[in-house]
Amino acid sequence: MDLRLNDKVEMKKQHPCGEKVFVITRVGMDIKLKCTGCGREVMLPRSKAEKGIKKILEREDTHE
């Protein structure tokens, strides 16, 4: 799965605050996600994050 910085993603399971939408703040072997509801950050291994992502809602356009 092609995950980029600042992408908004919808997860299969919701955060304890009730929100399902997260923003990707770090990409590598681990993926860091920031909850759009409460602002908490969660660090997941890449494999677990890719399995948990339902769909990419917004893609950050990067002009390289």
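All residue numbers refer to positions in the sequence shown, counting from 1.
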- Query: Salt bridge between K32 and D30, side-chain N to carboxylate O under 4.0 Å?
  - Reply: no
- Message: Minimum heavy-atom separation for V27 and I24, please, with both atom names.
- Response: CG2-CG2, 3.5 Å
- Query: Do you reckon L44 sits in the same ILVMFWY cluster as I56, going by side-chain contacts under 4.5 Å, direct or chained?
  - Reply: yes
- Message: Any non-hydrogen side-chain atom of R59 less than 4.5 Å from a side-chain atom of D2?
- Response: yes
- Message: Can you tell me if K8 has over 12 outside heavy atoms packed within less than 6.0 Å of its NZ?
- Response: no
- Task: Taking all non-hydrogen atoms of both residues into account, name the closest pair between C17 and C38 and its distance.
- Result: SG-SG, 3.9 Å
- If every non-hydrogen atom of G28 is compared with every non-hydrogen atom of R46, which pair is closest and at what distance? O-NH1, 3.0 Å
- Query: In a check of side chain to side chain contact (heavy atoms under 4.5 Å, CB included) between L33 and each of H15, M11, E41, which one passes?
  - Reply: M11
- Within a strict 4.5 Å, meaning less than it, do heavy atoms of the K12 and K54 side chains meet? yes
- Item | Closest approach of R26 to L5 (non-hydrogen atoms, all atoms of both residues) | N-CD1, 3.7 Å
- Task: Could you check if a side-chain atom of T36 sits within less than 4.5 angstrom of a side-chain atom of V23, using non-hydrogen atoms only?
- Result: yes
- Message: Check this for me: M1, atom CE, are more than 12 non-hydrogen atoms of other residues, nucleotides or ligands nearer than 6.0 Å?
- Response: yes
- Are E50 and L3 close enough that some pair of their side-chain heavy atoms sits under 4.5 Å apart? yes
- At their closest point, which heavy atom of R4 faces which heavy atom of D7, and how far apart are they? N-OD2, 3.1 Å
- In one Ile/Leu/Val/Met/Phe/Trp/Tyr side-chain cluster, 4.5 Å: M43, I31: no
- Message: With a sphere of 6.0 Å drawn around CZ of R40, does it hold more than 12 non-hydrogen atoms of other residues, nucleotides or ligands?
- Response: no
